[in-house]
Structure formats: C-alpha cells, structure tokens
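What follows is a single structure, written as structure tokens, with notes after it.
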Amino acid sequence: MRMILFFDLPSTTKKDVREYTRFVKYIQKNGFVRMQESVFTKLALNQSIVNSIMTDINKHLPPEGVISVLTITENQFMSIDHLIGEISTDVVVTEEKVVKL
C-alpha cells in the first residue's frame with residue numbers, strides 16, 4: 001500500500017513557518033518522501049501499519065492548516081502519469097517492485 005499525504009499549512013508568520021518546518025521534518029524523519037512541494041508519499045505493508053502511522057500523524061498535527069492522507073495500492077500508485085515540462089526530476093517511474101539506482 002502507498003500513503004500519499006497532502007497538506008496546506010499557513011506560512012504568513014514566523015510561528016507558522018516554524019510549525020510548517022517542524023511538521024515537514026517530522027514526516028521526513030518518519031519515512032515520507034517528497035513528491036511535490038506539499039505532497040509526500042510513504043510505503044506501508046498493510047492496513048494495520050497505515051492505522052499506526054495515521055495515529056502517530058494525528059499526535060503531531062500542526063495547530064492550523066489542512067492535512068489529507070490517501071491510501072492506495074502499489075499498482076494504483078504505479079499508474080500515476082507524471083507530466084513533466086522542461087525541468088529535470090529524480091522521479092523513477094517503473095512497475096518493478098525493486099529499483100536499483
């Protein structure tokens with residue numbers, strides 16, 4: 001399973017920026033990888049792990065903002081179409097279970 005975490009956090013005051021930074025560092029420390037500016041993803045082996053991660057995220061929510069989590073299968077995640085303009089990216093698009101870089 002794949003968890004996709006989307007968030008929209010305020011960043012108008014120094015306190016907001018501090019909370020934003022704290023939350024991003026927290027999710028990165030816990031295995032989430034950035035897909036886009038406010039979109040992170042994490043692999044989870046089963047629903048009980050997803051539930052555990054969700055409980056932990058709820059304990060570390062910023063005081064303001066919106067956080068959404070979508071859980072999909074790995075096959076659904078692999079069917080994402082990446083439409084990329086002239087910028088370069090390190091995103092690896094493959095249907096293989098293991099990717100060696």
Side-chain angles (χ1 to χ4, degrees):
M1 303 180 85
R2 190 69 72 136
M3 298 176 71
I4 304 174
L5 184 142
F6 310 87
F7 64 88
D8 186 16
L9 301 176
S11 58
T12 53
T13 66
K14 286 185 179 182
K15 181 183 177 206
D16 291 341
V17 172
R18 193 169 38 252
E19 289 295 329
Y20 173 93
T21 303
R22 183 191 61 79
F23 183 71
V24 169
K25 285 183 179 181
Y26 160 75
I27 59 177
Q28 287 177 327
K29 178 183 168 201
N30 286 283
F32 282 87
V33 177
R34 187 183 299 262
M35 286 182 65
Q36 292 183 9
E37 187 63 33
S38 297
V39 181
F40 286 76
T41 182
K42 179 178 176 138
L43 188 63
L45 297 178
N46 56 44
Q47 189 60 44
S48 64
I49 293 174
V50 169
N51 294 341
S52 173
I53 294 168
M54 290 298 295
T55 300
D56 200 40
I57 289 172
N58 276 310
K59 291 178 184 175
H60 293 86
L61 290 176
E64 297 181 34
V66 177
I67 298 168
S68 303
V69 178
L70 173 66
T71 304
I72 59 176
T73 67
E74 193 62 18
N75 283 340
Q76 290 170 322
F77 181 77
M78 296 312 294
S79 70
I80 293 175
D81 290 327
H82 295 279
L83 308 174
I84 302 169
E86 293 185 25
I87 62 170
S88 63
T89 180
D90 293 335
V91 174
V92 177
V93 180
T94 180
E95 292 183 15
E96 305 240 349
K97 295 281 186 194
V98 177
V99 177
K100 292 182 183 178
L101 300 176

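- Distance alone, capped at 3.5 Å, places no donor-acceptor pair between the S52 side chain and the S48 backbone.
- Evaluation of the side-chain contact (heavy atoms from CB on, under 4.5 Å) rule for K14 yields no partner, not counting sequence neighbours.
- In the hydrophobic clustering (ILVMFWY side chains linked at under 4.5 Å, chained through shared members), L61 is joined by M1, M3, L5, F7, L9, Y20, F23, V24, Y26, I27, F32, F40, L45, I49, V50, I53, M54, I57, I67, V69.
- Judged as a salt bridge (charged side-chain N to carboxylate O under 4.0 Å, His left out), the pairs with a partner in residues 31-56 (not counting sequence neighbours) are, in order, R34-E37.
- Considering NZ of K15 and CZ of R22, their distance stands at 10.5 Å, rounded to 0.5 Å.
- Chaining together hydrophobic side chains whose heavy atoms lie under 4.5 Å apart leaves V66 on its own.
- Looking at every heavy atom in both residues, E19 comes nearest to P62 through OE1-CA, 4.3 Å.
- Surrounding CD of Q47 are more than 12 heavy atoms belonging to other residues, nucleotides or ligands, all under 6.0 Å away.
- Take R18 and apply the salt bridge (charged side-chain N to carboxylate O under 4.0 Å, His left out) test, not counting sequence neighbours, and it matches no residue.
- Under the rule for a side-chain hydrogen bond (donor to acceptor under 3.5 Å, both in side chains), the partners of T73 that lie at least two apart in sequence or sit in another chain are Q76.
- The shortest side-chain heavy-atom distance between I4 and F6 falls under the 4.5 Å cut-off.
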